[in-house]
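So you know, we letter chains A, B, ... as the sequences are listed, proteins then strands, and number each from 1.
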2 protein chains.
Amino acid sequence: MDLKALTQLLGEKVKTDPVTLTAFSTDATPEFKATPEAVVFAESRDDVVKLIQFANENKVPVITRGAGSNLAAATVPITGGIILVMTKLNRILEISKSEMLAVVEPAVTNVNLDNAAAEYGLMYPPDPGSKTVSTIGGNIATCAGGLRGLKYGVTRNYVLGLEVVLGTGEVINTGSRMVKDVAGYDITRLLVGSEGTLGVITKATVALRPRPTISKYGVAYFKTLADASVAVDAIVGAGILPATLEFLDQVCINAVEKFAAIGLDTSAGALLLFGEDGDSDDVEIKTQQMADICANPAGVISVTRAKNVVEADQLLFARRCALPALAREASLAVSEDICVPRPLLAETVAKIAEISKARQLKIGVFGHAGDGNLHPKVLADINDPAEVARLHAALDDIFNLALDMGGTITGEHGVGIAKLPYLERKVGKEQMYLFRRIKSAFDPNGILNPGKTGS
Amino acid sequence: MDLKALTQLLGEKVKTDPVTLTAFSTDATPEFKATPEAVVFAESRDDVVKLIQFANENKVPVITRGAGSNLAAATVPITGGIILVMTKLNRILEISKSEMLAVVEPAVTNVNLDNAAAEYGLMYPPDPGSKTVSTIGGNIATCAGGLRGLKYGVTRNYVLGLEVVLGTGEVINTGSRMVKDVAGYDITRLLVGSEGTLGVITKATVALRPRPTISKYGVAYFKTLADASVAVDAIVGAGILPATLEFLDQVCINAVEKFAAIGLDTSAGALLLFGEDGDSDDVEIKTQQMADICANPAGVISVTRAKNVVEADQLLFARRCALPALAREASLAVSEDICVPRPLLAETVAKIAEISKARQLKIGVFGHAGDGNLHPKVLADINDPAEVARLHAALDDIFNLALDMGGTITGEHGVGIAKLPYLERKVGKEQMYLFRRIKSAFDPNGILNPGKTGS
């Protein structure tokens, strides 16, 4: 690559010093690392257009990233090339209370958007575990889910329109400010989850919702995660689609308690966090219904309602810190993201316990139980090659298990590089080829994040 | 086309008699008509694959259709070729109460799916005005909306996975049974709204929701549709996203009353139908809040709550029969489908009234007010060429108005042929080219419904 020409084009925004290159050689995925040739900090859409035109002419890969919290190595520059950092494009351009939408630059963090919406009595529902750091652009690139998916859906349900730079440097505006708009192919939703392989998002219009004024939570402990899964299925089977239905297994409970000391029952095999939000007595009714359902299944140990906001926040905190808490438990901790049909949740978690035993590895399982979305975190000693090999075998087992259950290899983290080996088994060879043809339609020279998502 | 070879391939399923060809030369769009060379009634996925392979080899257009209730001429065979009729693929294959989903063949009607779901305490939320005849396959092909869009979203929010025959005859399975699944590009959502130009849907997995047990409705009359629009904006501005928020102007009120004689206030300039559903006291609270808000704006004439199910059903019926009632008012009645940002609704309907006056044509306006989705129906005497010319000028005015408001040329009916002349102004030239490249990725020989949706 002609770094001099790039620097002439974008000046000080281009960094090639070793410290910066090293800083942008990884994301939040363990075990994947590759050094870019340059890092560009874009400050405007025009910077992005200039960079993409340069990269397209010179056939140089461009890997776009925001906070770098990706968990599938989707922003690791395995092909070399340029890391395009969007973090300076972080303004909320507009919040319309009456239209219930926001127009944002891509690097606004999820939590900043939600907090800004709160000032208008609104909320931005998708709330990935990474919400304090991850950006809306990154959330769109992976179709981020989160803790409220069962009731409120995922990122694709909230993206109304996008300003996007294609792989040729052309700028298109997709969608609009309205929910109902069927003028032409749904490029907006195709871009959601495309992991920076089809275009660079420079602006997004996202839907907001009225912010609930009441939230109620409760916690149930069970002997096993399979017992908790039975309760989850019973809750949804009763026609309740609550705001929160999350679980942790004993490995996670112990890790969280060690990390945060919030008085969890570490003798229990599983914790189920349930909660509802809204504006009326219905919140109380639904939360109590869930508590009553949890009291029934075999294996229940205790059911407690959060008495106040402090207790509720502690429970949510316990769930949210499962990932970082587990990460401290071992020198290598790989977090997976399978999703299975809800009625098969109990069988799936029981089989993950078998995998843990067979591979002689600690696996902490937590996740969005209501969605059937599990995050098994496999722990190993990075300095023990045999254990690392068993970890990879265990991941392989977990992906195969998900597919055998009619599930998927990724519910909300994306394919990236980490799950690429399993993608064809999920979608079939014909669809893999279709993905490549679609990729060409957006990015004929294949410069945008090449090699990710099967592109 | 070698009709003999086609008949050898598919036998009695191929019809070429003049009566059948004529029957399939139109859909529900006035003024568009073209005779196909053959009509094929598929009875299985294999029939579809055989037909598409034949058509692909022989470069013959295939226009897929279900009930033929399309309002944008998307199923009129303007290029000649074969009409592929899916109506025999009309089985509900599975309803899973615990997963809240259904697996259906494409020609199941919307109402049959919803009724089947009701037996499990579930519902299928998208409810286009055509729900008693239109099929799920057709609903997916247009991303059908309906009366419950504001609260429940549109078809794309409910499609989980598809079995699809591509333009090459290859079969792919997109998505899965889960809401959270980001394995590869979102082909599922790209197919939603693609009007049969990217593939033929042979099976669909769609999400269901718990069926509300309580519904409450009310009706408010206003002096003008602009007054009613102000009330709509106030309701949503108060953080209420109700199940129903629909309006009719005086032209519609009169047409419906003449058609159905249900005691509407024909002296009023506009009728606003509001309603909420759910399972708790919240339904009553929200419905009364809406009634109270409606009582405030200048121009309100009366606000009445439906006293019982019979009265509520009459109000819904009044709204649902606006389209057929208006169709009886003139020998040519063209129904449009623009959508504008909700705060611009009052200004938009006032400008449509100006267009009506300037073009000396009766225009009945009704629509999904909560979504900003308007269906202006322009009426003319088909035997008066000058009036027909003014009708086309009025449609042109209406599309331009929608675009000037930052709105769209179609909210839920699709582009088809009817709105093709306005598509580039909406999406831009670059995106039009992108559409064509995407089309090629699915259908390299361009046999699937060529010329529709800008493909």
Side-chain angles (χ1 to χ4, degrees), chain A residues 97-99 121 142-143 145 149 154 156-157 170 172-173 176-187 189-190 192-194 210 233 236-237 239 241 280-282 285 339 341-343 371-373 406-412 414-415 423 426-428 430-431 434-435 437-438 441 453-454, chain B residues 97-99 121 142-143 145 149 154 156-157 170 172-173 176-187 189-190 192-194 210 233 236-237 239 241 280-282 285 339 341-343 371-373 406-412 414-415 423 426-428 430-431 434-435 437-438 441 453-454:
Chain A
K97 184 173 162 67
S98 59
E99 290 171 83
T142 54
C143 189
V154 295
R156 69 165 178 267
N157 300 121
E170 290 168 296
I172 61 169
N173 283 282
S176 59
R177 294 166 74 97
M178 288 101 46
V179 169
K180 285 185 174 175
D181 185 352
V182 293
Y185 295 143
D186 192 345
I187 306 300
R189 252 62 57 173
L190 180 59
V192 175
S194 65
D233 210 32
V236 183
L241 287 179
S280 71
D281 294 347
D282 201 35
I285 294 166
C339 196
R342 197 185 308 108
D371 297 312
N373 188 194
T408 186
I409 56 173
T410 173
E412 55 183 13
V415 173
L423 186 59
K426 168 66 168 63
V427 303
E430 294 80 9
Q431 208 168 170
L434 178 63
F435 290 168
R437 296 194 299 271
I438 290 172
T453 326
Chain B
K97 183 173 162 66
S98 58
E99 290 171 83
T142 53
C143 190
V154 295
R156 69 165 179 267
N157 300 120
E170 291 168 298
I172 61 168
N173 283 281
S176 60
R177 295 166 75 96
M178 286 100 48
V179 169
K180 284 185 176 176
D181 185 352
V182 293
Y185 295 142
D186 192 346
I187 307 300
R189 250 64 55 174
L190 180 58
V192 176
S194 65
D233 209 32
V236 182
L241 287 178
S280 72
D281 294 348
D282 201 34
I285 295 165
C339 196
R342 198 184 308 109
D371 298 313
N373 189 193
T408 186
I409 57 172
T410 174
E412 55 184 14
V415 173
L423 186 58
K426 167 66 169 65
V427 303
E430 295 78 9
Q431 206 167 171
L434 178 63
F435 290 168
R437 296 195 298 271
I438 290 172
T453 327

Taking every non-hydrogen pair under 4.5 Å, which of [options] racks up the most with chain B?
options: A:V192, A:N173, A:I285; value: A:N173
options: A:D282, A:T142, A:V154; value: A:D282
options: A:I172, A:I409, A:V427; value: A:I172
options: A:L434, A:V236, A:T453; value: A:L434

> B:F435 and A:A183: which non-hydrogen atoms are nearest, and at how many Å?
Replying inline: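 Result for this residue pair: CZ-O, 4.3 Å.
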> Which heavy-atom pair separates B:P210 from A:G239 by the least distance, and what is that distance?
Replying inline: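 Minimum heavy-atom separation between B:P210 and A:G239: CG-O, 3.4 Å.
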With chain A as the partner, which of [options] has the greatest number of non-hydrogen pairs under 4.5 Å?
options: B:G407, B:G237, B:G184; result: B:G184
options: B:G411, B:G145, B:G372, B:G121; result: B:G411
options: B:E430, B:R342, B:E412, B:R156; result: B:R156
options: B:S176, B:G149, B:P343; result: B:P343

Do the non-hydrogen side-chain atoms of [X] and [Y] ever get within less than 4.5 Å of each other?
X: A:S280; Y: B:D281; answer: no
X: B:V182; Y: A:V415; answer: no
X: B:Q431; Y: A:I187; answer: yes

> With only heavy atoms counted, which part of B:I438 is less than 4.5 Å from chain A, the side chain, the backbone, both or neither?
Replying inline: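 When you check distances to chain A, atoms from both the backbone and side chain of B:I438 fall under 4.5 Å.
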>> Between B:V179 and chain A, with a heavy-atom cut-off of 4.5 Å, which part of the residue counts as in contact: side chain, backbone, both or neither?
In response: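 The answer is both parts of B:V179.
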> B:K426: what forms a salt bridge (Lys or Arg N to Asp or Glu O under 4.0 Å) with it, not counting sequence neighbours?
Replying inline: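 Result, salt bridge (Lys or Arg N to Asp or Glu O under 4.0 Å) vs B:K426: A:D181.
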>> Does B:D371 form a side chain to side chain contact (heavy atoms under 4.5 Å, CB included) with A:M178? I'd like the steps, not just the answer.
In response: CA-CA 7 Å; B:D371 298 313; A:M178 288 101 46; over 6 Å; no
>> Could you work out, with side chain to side chain donor-acceptor pair (under 3.5 Å) as the rule, every residue matching B:R177, not counting sequence neighbours?
In response: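 With sequence neighbours excluded, B:R177 shows a side chain to side chain donor-acceptor pair (under 3.5 Å) to B:E94, B:E99, given in chain and number order.
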>> Taking the basic N atoms (NZ, or NE/NH1/NH2) and the acidic carboxylate oxygens, is any pair closer than 4.0 Å for B:R189 and A:D186?
In response: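 No, this pair does not count.
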